[in-house]
Amino acid sequence: MRTSKLLLSTLKETPSDAEIISHQLMLRAGMIRKLAAGLYTWLPLGLKVLHKVEAIVREEMDKAGAQEVLMPVVQPAELWQESGRWDQMGAEMLRMHDRHSRDFCLGPTHEEVITDLIRNEVQSYKQLPANFYQIQTKFRDERRPRFGVMRAREFLMKDAYSFHTDQASLDETYEAMYQAYSRIFTRLGLDFRAVLADTGAIGGSSSHEFHVLASSGEDAIAFSDNSDYAANVELAEALAVGERAAPSQEMELVDTPNAKTIADLVEQHGQPIEKTIKTLIVHGSEVAESKLVALLVRGDHELNELKAEKLPAIESPLRMATEEEIREAVGAGPGSLGPVKLPIHCIADRSVAVMSDFSAGANVDGKHYFGINWERDLPLPPVADLRNVVEGDPSPDGHGHLEIKRGVEVGHIFQLGQKYSEAMSAGVLDENGKNITMTMGCYGIGVSRVVAAAIEQNHDDKGIIWPDAIAPFQIALLPMNMHKSERVREESEKLYEELTAAGYSVLFDDRKERAGVMFADMELIGIPHRVVVGDKGIDKGVVEYKGRRDESNQDVARDSLLEFLNTKLA
RNA sequence: CGGCGUGUAGCGCAGCCUGGUAGCGCACUUCCUUCGGGAGGAAGGGGUCGGAGGUUCGAAUCCUCUCACGCCGACCA
């Protein structure tokens, strides 16, 4: 393609509302433009990349035995009412009605539609297992769309749904999808990890997320330095570390009028942070001994809300108590709480249970106890895993220690079981002519998000550096002074034809621009390979080559260029 | 959905406090020079200052309402 025929809308300046690097570069490179919050138009250059990602996903899904379908974006309410999600979904689902006042929604996902299809089309166990996928636009009315296409309201997703007669068959397809996903992200040229994930409200036994590692990622993932254990931190189990030491201090009541936070306690009173306890008050469930429940976490640890709300004594979803509620129940404000003489139900994190000589609020405003010890000063409350794992924690599988990195969730596979097939009566006849409810699996890839994630992982101060597999063009062909030098023009045109004929996608910069502009634009849009044609080179019978990541140019003999590129791009 | 903030040319911004009829840089058009790392000069085009109402002789500027967008938080099969 010639740049003169391409809408190459590059920007020198960074649009002010773009926060993360991929969003900035996608705007600057002219890949996308915003239409409204969370809604983006893909420009020709961006769409090329999107299509490349799609093609790889499609190939690997086909190879893994899935069949492609295409379902409507607009879906009737009846299906969602049948699965029970019409009421569950909330404002995230955009609803509308047609001219006959029938309710519809923009599909945030397609479990209902596919289940409806398959219950009508598949009658026999002989037709199973089967796996169907589509690459389709989804709409989720995010509370807060941000980061460009990374977290847009309208986005492109590959979603697949598998149907089985039993769990063993589902396990098999699940494994096949796990492998297919690994191949897809490997082919895309991305540094990724598959991690254990929370199955969420949807239940099911097994779930993995695929994360592209990037410092701007919204998720934290933990993985062992000595095994292949990897999990979302929200899920990773925090094991108890060490044993409780014997008391060495007396418990004393200390005036701490200005210490409202753990940080204050550490700064003003010299308490080591790992000898302090944070007391968080949440609402209890019906089975709790009190209306409010106190959760004890070490000062330097973070409460894991997901773990907490899974405890029977705690209301789910988790709800923090307000200051008034706390004062009413405890008699002191949130800055002075602690387990000593606390009048409400209390649960301690595992690492809290092994603390000694620690400090915590005295449940009297402006006072803390120092030198507290379990059993001697107060009984040890029930113990549970309440906190997020931190770097250096032992790996839950017993091998090695945890490292924590940030990732962008680009894929998620999980086992649905019979949630939808049961609610929507999707069954088949088995060998004995008996009706059995189908078992389902579900597998998603955020196609448009992959594009942003790839940039997060592959860029420098000049712009994007596309992995070869998804670059909009493989080669940038830059003629120097073509509009003055007839030899350069002829040579470039010839090269363009040759390279194109050899099957390469070439972006030929035939604009009447200065060299600097061409270089800067090609680097910004991230074309991985660059060939420069100039008078100087023609005299020597060479052209210049530079890989996007290379430090400098190299001369390549004109006659062996094709051969050279064949090895470079192999 | 709560807190905060911002809306002035395609993009980035100034002007607003202290009302007097809109400006800078980039981009765009034409010409001259330059011509291998985002060139220099000259001349141009483009804005109902987010919208509505109000105060005033006069509103981008002050007041009220409203819409949009963004940041932080909460939320996220």
Side-chain angles (χ1 to χ4, degrees), chain A residues 7-20 23-24 27-28 30 33-39 80 83-86 88-93 105 107-112 115 138 140-148 151-153 155 157 159 161 197-204 207 209 218-219 232 234 305-306 309 317-320 322 409 412-417 419-420 423 440-444 446 461-463 478-485 488 509 511-524 530 532-538 543-544 546 552-553:
Chain A
L7 181 63
L8 191 61
S9 295
T10 54
L11 303 171
K12 264 192 224 176
E13 287 168 295
T14 302
S16 60
D17 54 358
E19 185 85 346
I20 58 168
H23 188 194
Q24 293 172 359
L27 289 169
R28 288 227 289 138
R33 288 293 181 259
K34 184 169 78 173
L35 178 64
L39 303 178
W80 289 78
S83 72
R85 291 208 290 180
W86 184 256
Q88 269 172 34
M89 284 297 277
E92 182 179 86
M93 187 158 78
C105 67
T109 174
H110 282 74
E111 280 87 2
E112 280 79 359
T115 305
K138 302 276 193 260
R140 296 181 190 175
D141 200 355
E142 292 279 348
R143 281 178 171 84
R144 192 180 159 203
R146 56 186 137 170
F147 305 147
R151 194 171 194 75
R153 291 195 291 178
F155 58 98
M157 183 169 175
D159 50 327
Y161 308 89
D198 184 52
T199 47
I202 204 148
S207 176
E209 290 169 354
E218 288 190 272
D219 291 285
N232 197 307
E234 62 184 20
E305 303 194 359
L306 213 64
E309 68 188 20
L318 189 87
R319 207 150 54 90
M320 300 295 287
T322 64
E409 184 190 342
H412 197 165
I413 59 177
F414 51 104
Q415 304 197 345
L416 294 173
K419 181 181 161 95
Y420 296 94
M440 294 171 62
C442 159
Y443 321 92
D461 55 344
K462 295 191 175 72
L478 307 191
M480 295 295 104
N481 275 320
M482 182 173 80
H483 296 273
K484 282 277 170 61
S485 167
V488 171
D509 200 344
R511 294 176 299 175
K512 197 173 174 180
E513 283 291 357
R514 305 163 62 85
V517 174
M518 292 185 187
F519 291 147
D521 273 347
M522 293 305 125
E523 280 159 349
L524 175 61
R530 181 178 90 187
V532 174
V533 180
D535 277 310
K536 281 185 282 183
I538 293 176
V543 292
E544 277 167 38
K546 183 173 173 297
S552 52
N553 293 324

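Chain letters run A, B, ... following the sequence lines, proteins first and then strands; every chain starts at 1.
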_Complement of B:G36, any strand, by Watson-Crick or G-U distances under 3.5 angstrom_ = none
*Mark yes or no for whether A:Tyr161, through its side chain, and A:His110, through its backbone, hold a donor-acceptor pair below 3.5 Å.*
yes
*Check whether any side-chain heavy atom of A:Lys34 sits under 4.5 Å from a side-chain heavy atom of A:Leu39, and report yes or no.*
no
_Watson-Crick or G-U wobble partner of B:U55, both distances under 3.5 Å_ = none
*What about A:Glu523: does its side chain form a donor-acceptor pair under 3.5 Å with the base of B:G37?*
yes
*Find the partner of B:G44: check Watson-Crick (N1-N3 plus N6-O4 or O6-N4) and G-U wobble (N1-O2, O6-N3) distances, both under 3.5 Å, and reply none if neither fits.*
B:C28
*A:Glu305 side, atom CD; A:Met320 side, atom CE - distance, nearest 0.5 Å*: 7.0 Å
*Atom NZ in A:Lys484, atom NZ in A:Lys512: separation rounded to 0.5 Å?*
7.0 Å
*Cation over ring, A:Arg530 on A:Phe519, under 6.0 Å and within 45°?*
yes
_Any base atoms under 4.0 Å from A:Ala520, or only sugar-phosphate, or nothing? Heavy atoms, all strands._
base
*With respect to the side chain of A:Arg146, which nucleotide from B:A74, B:C35, B:G36 is positioned closest?*
B:A74
*Quick one: is B:A77 close enough that its OP1 or OP2 comes under 4.0 Å of any side-chain N or O from A:Thr109?*
no
*Any donor-acceptor N/O pair under 3.5 Å between B:G37 base and A:Arg530 side chain*: yes
*Which part of the nucleic acid, if any, lies within reach of A:Met93 when heavy atoms closer than 4.0 Å are counted: base, sugar-phosphate only, or nothing?*
nothing
*asked:* Any side-chain N or O of A:Arg144 below 4.0 angstrom from OP1/OP2 of B:C71?
replied: yes
_For a quick check of understanding: with a heavy-atom distance under 4.0 Å over all strands, which category does A:Lys484 fall into, base, sugar-phosphate or nothing?_
base
*CG/A:Leu524 to CG/A:Leu8 distance, rounded to the nearest 0.5 angstrom?*
8.5 Å
*asked:* Pairing check on B:U61: which nucleotide meets the Watson-Crick or G-U wobble criteria with it, both distances under 3.5 Å?
replied: none
*Assigned partner base of B:C17, Watson-Crick or wobble definition, under 3.5 Å*: none
_For B:U6 and A:Ser16 - does any side-chain N or O of the residue sit under 4.0 Å from the phosphate oxygens OP1/OP2?_
no
*OP1 or OP2 of B:C35 less than 4.0 angstrom from a side-chain nitrogen or oxygen of A:Lys512, does that happen here?*
no
*Please state the P separation for the pair B:G44 and B:G38 - nearest whole angstrom.*
29 Å
*Ignoring hydrogens and angles, answer whether the base of B:G38 and the side-chain atoms of A:Asp521 contain a donor-acceptor pair closer than 3.5 Å.*
yes
_Selected nucleotide, minimal atom distance to A:His412 side chain, candidates B:C35, B:A77, B:C69_ = B:A77
*Distance between the P atoms of B:U61 and B:G53, in whole angstroms?*
14 Å
*Of all the nucleotides listed (B:G38, B:C71, B:C76), which has the minimum atom distance to the side chain of A:Arg151?*
B:C76
*asked:* Could you identify the nucleotide paired to B:A68, looking across every strand shown and requiring Watson-Crick or G-U wobble geometry with both distances under 3.5 Å?
replied: B:U6
*Scan A:Glu305 against the nucleic acid and name what it touches under 4.0 Å (heavy atoms): base, sugar-phosphate only, or nothing.*
sugar-phosphate
*asked:* Do A:Arg33 and A:Ser9 have side chains that approach each other closer than 4.5 Å (heavy atoms only, starting at C-beta)?
replied: yes
*Could you tell me whether the phosphate oxygens of B:C76, OP1 or OP2, come under 4.0 Å of any side-chain nitrogen or oxygen in A:Arg143?*
no
*Side-chain N or O of A:Lys536 closer than 4.0 Å to phosphate OP1/OP2 of B:G36*: no
*Within the structure shown, what part of the strands sits under 4.0 Å from A:Thr14 by heavy-atom distance: base, sugar-phosphate, or nothing?*
sugar-phosphate
*Assess whether one donor atom and one acceptor atom, taken from the side chain of A:Glu513 and the base of B:G38, lie less than 3.5 Å apart.*
no
*Nearest to the side chain of A:Lys12, which nucleotide is it out of B:G12, B:A27, B:C35?*
B:A27
